[in-house]
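Before any comments, here is the structure.
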Amino acid sequence: MGLEAVLQKDGFLTTTIDAIVAWSRKSSVWPMPMGISCCAIEMIAAADPKYDIARFGSEVMRFSPRQSDLMIVAGTVTYKMAQVVRRIYDQMPEPKWVIAMGACTSSGGMYRSYSVVQGIDQFLPVDVYTAGCPPRPENLLNALMTIQDKIGKTKARDFQNRSLAELEHSQN
Amino acid sequence: MDRIQQIYNDEKLLKKLQEDQNLTIEDVLENEMVINMGPQHPATHGVLRLVLRLDGETVVGIVPELGYLHRGYEKMAENMSHIEFIPHTDRLDYTGTMCNNVGYVLAVEKLAGIEAPKRAQYIRMIVSELSRIAAHMVAIGTFAMDVGAVTMVMWTFREREKVNSIFDRIAGARFTTSYTRIGGVASDIDDQAFAEIKQFLAELEPALVEMDKLLLSNRIFIQRLEGIGILPKEDAIALGVTGPNLRASGVEYDVRRAKPYLFYNEIDFKIPTFSQGDCLARYFQRGDEVRESIKILYQCLDKIPQGEVIANNPKKVLSHKTEIYSKMEELIHDFMIINFGINPPIGDTYLSVENPKGELGFYIVSNGSGQPWKLKIHSPSFCNLQAVSQLCKGAMVSDVVAIIGSLDPVMGEADK
Amino acid sequence: MNTKELIVEKIKEKFGESVEEVSDFRDDLCITIKKDQIVNLGKYLKEDPDLQFIMCKDVTAIDWATRKKRFTTVYHIYSFKLNYALRLKSNIDDNPPTIETVSFVWQSANWYERETWDMYGIKFINHPDLRRMYMPEGFEYHPLRKDFPVLGIPGSLPLPFKAE
């Protein structure tokens, strides 16, 4: 199977640069696990042998924002934490994507209280919202696949010479 | 900033800096350095922030800063009925959810004077011991990961997944269960679940042996933990440390034995203690507690009686759905409980249970209305974190990671 | 003589006039004492060889909103010797609410009192490090007071800037 089966002799392949860049980008998304609360445990569970996020090429959890493409915001973001989340997001290199994992990240969820931000889209551009409190690991994998679809449709020049503001606009 | 300003003001120093670009060893070692660790750091188990003052690689002082996950539980509790708060207790210590459910429900029952049927109490014991195993699996796994043994987290999460699938069958949710109700539990355990629990326990014992083999034959693991972060008995008591961390320092205190709740007085179990009080002792402590939990679970499975799982007390306890749909009385009571709450008598009670992290207490003040006037959560992780600054003083930077891992704080609970 | 009677008798003997109330609701013994005696009572309970309440489990407060003495501070202490948990209370009024710290008696009270200061704005006199525990520095309100709304005061906590 795979390329070896098709290319029995010396062969060549025609494709576009955009297609191959997008394909390689989407198949190895390195997540930044912004594990804040309960969802973080389910995020680890998604990486464990049962659910195995490695099937989707995203097992390389990097705690350093400089090495990652995708931020998984897993857990309730409070006003005090919001500053930190935003700063870490700003440190990630372009292009970057964000998953809002769980109800409280997406909308505040069950926490209608003075210290919880009612949805991280108030200060971050979010690509995929995941339902559940916390979402099951399957749901997180689904979100990851959705992100991969989205990355697959991008073109390399989308990210050239763009200001931050424009990028956020196009990604939303 | 002040120090930099000082250097700029000091002509001699400034001149030296401009002339000599190569700093010498003395220059570096003379100065203390302040570094920031967290709130986004893999070893802080969530969003704990530590500010360390370092002399070389030795920690001179350490200031923990909390509140990055302060969700305002106590304020929200004052604005909802006692029943509505049950799902929130899941998210306190989110590694061992069932224990929190049980603790909160017991506190409300004590305040309102309700007693759950015996079968319900046994079911509560079973689920909280299962939950304890699940929580200690996370604790051991992440602790080992912090000091470099990444395999462990895969192994422990494999065992934890089995508990989660049992909970999935019992409560309908694998993680945030909200299983208990005031006056009982939401649903009965069926035979299939009992069989699953037995199979899980049979598989867990050899797995624990394997885990011990993996870690204790590893010299790096032992040397990074032995004699590190020693917490003497007196200090542990003075700092209010609870749970496994207190027992690893040699204090034989367990709420299940000191003030038995549920039917722990009918169960035969030991309280493991260690006298060393270092990080390695805290690792052994958790392993031994899991073994005791297995013993308790086997006894509970033997002793569990038949019968109802929710108390028959229509004014205080929600009836079953089929009764509400078919009987007028129950419908009215259900309406009253949901809208106006269970109205416990005026007074205040404190009840604590033994959680995986330590003693979880609920102090509820009632003014006779359906909502608690005040609900204070005494969270064990918060108490345990108070020991960090004392334990880390004089340790190396890499030991800080091991010490935090061994204390095993969960920030959802510490920050409330 | 059981434990409860022993504790009550001992405290009444020593602090007869300062004890305001002794209650026993649902088997939880609770002693209310005048606010200027709380440290002395703490020291006595900790050091008395028959009692030895050496562990402080919790310090918190209650906001009664409409009472004349608006706040009540609550202490939960534990004795390993008697295997008994005791609750102490002290009523304080609101102009401004202050009480002596017990963190010199029980070291663990340090953080609990910081938490109570953060949540209720009760000043603990002589506390070594009275900073906010949870809320960010510079936050002006005390969330668990009854006059603070659940959803907070808009604009009191800033959000990071989002580029448009």
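Everything numeric in this text was worked out from a predicted model, so none of it was measured. Sequence lines set the chain letters: A, B, ... in the order given, protein chains first and strands last, and positions in each chain run from 1.
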* Sub-3.5 Å donor-acceptor pair from the side chain of A/Ser113 to the main-chain atoms of B/Arg71, do we have one? ->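 Judged by distance alone, yes, a pair lies under 3.5 Å.
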* Do the side chains of B/Leu69 and A/Met81 get nearer than 4.5 Å, heavy atoms only? ->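 With C-beta onward as the side chain, the pair stays apart.
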* Asked: B/Phe175 versus A/Arg136: any side-chain heavy-atom pair under 4.5 Å?
  ->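 With C-beta onward as the side chain, the pair stays apart.
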For residues [X] and [Y], report the shortest heavy-atom separation together with the two atoms involved.
X        : Y        : answer
B/Val47  : A/Gly35  : CG1-O, 4.4 Å
B/Gly72  : A/Ser115 : N-OG, 3.8 Å
B/Met76  : A/Arg112 : SD-N, 4.0 Å
A/Cys133 : B/Thr176 : O-OG1, 2.9 Å
B/Glu161 : A/Lys50  : OE1-CD, 3.7 Å
A/Lys80  : B/Gly67  : CD-O, 3.6 Å

[X] portion near chain B, given a 4.5 angstrom heavy-atom threshold:
X       : value
A/Met32 : side chain
A/Ala47 : backbone
A/Pro65 : neither
A/Tyr79 : neither

Where does [X] contact chain A at under 4.5 Å (heavy atoms): side chain, backbone, both or neither?
X        : value
B/Val138 : side chain
B/Glu65  : side chain
B/Thr97  : neither

* **Sole candidate of A/Asp48, A/Ile41, A/Ile44 that passes side-chain contact (heavy atoms from CB on, under 4.5 Å) when paired with B/Arg160** =>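 When A/Asp48, A/Ile41, A/Ile44 are each tested with B/Arg160, the side-chain contact (heavy atoms from CB on, under 4.5 Å) holds only for A/Ile41.
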* Greatest number of heavy atom pairs closer than 4.5 Å to chain B - which of A/Ala45, A/Cys104, A/Ala40 ->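 Option with the greatest count: A/Ala45.
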* Would you say the side chains of B/His70 and A/Tyr114 form a donor-acceptor pair under 3.5 Å? ->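 Result is yes, a qualifying pair exists.
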* To do: Specify which of B/Lys75, B/Arg91, B/Met411, B/Met154 makes the most heavy-atom pairs with chain A at under 4.5 Å.
  =>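 Option with the greatest count: B/Arg91.
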* **Between OH on residue B/Tyr68 and CD on residue A/Gln83, distance to nearest 0.5 Å** =>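 Result: 9.5 Å between the selected atoms.
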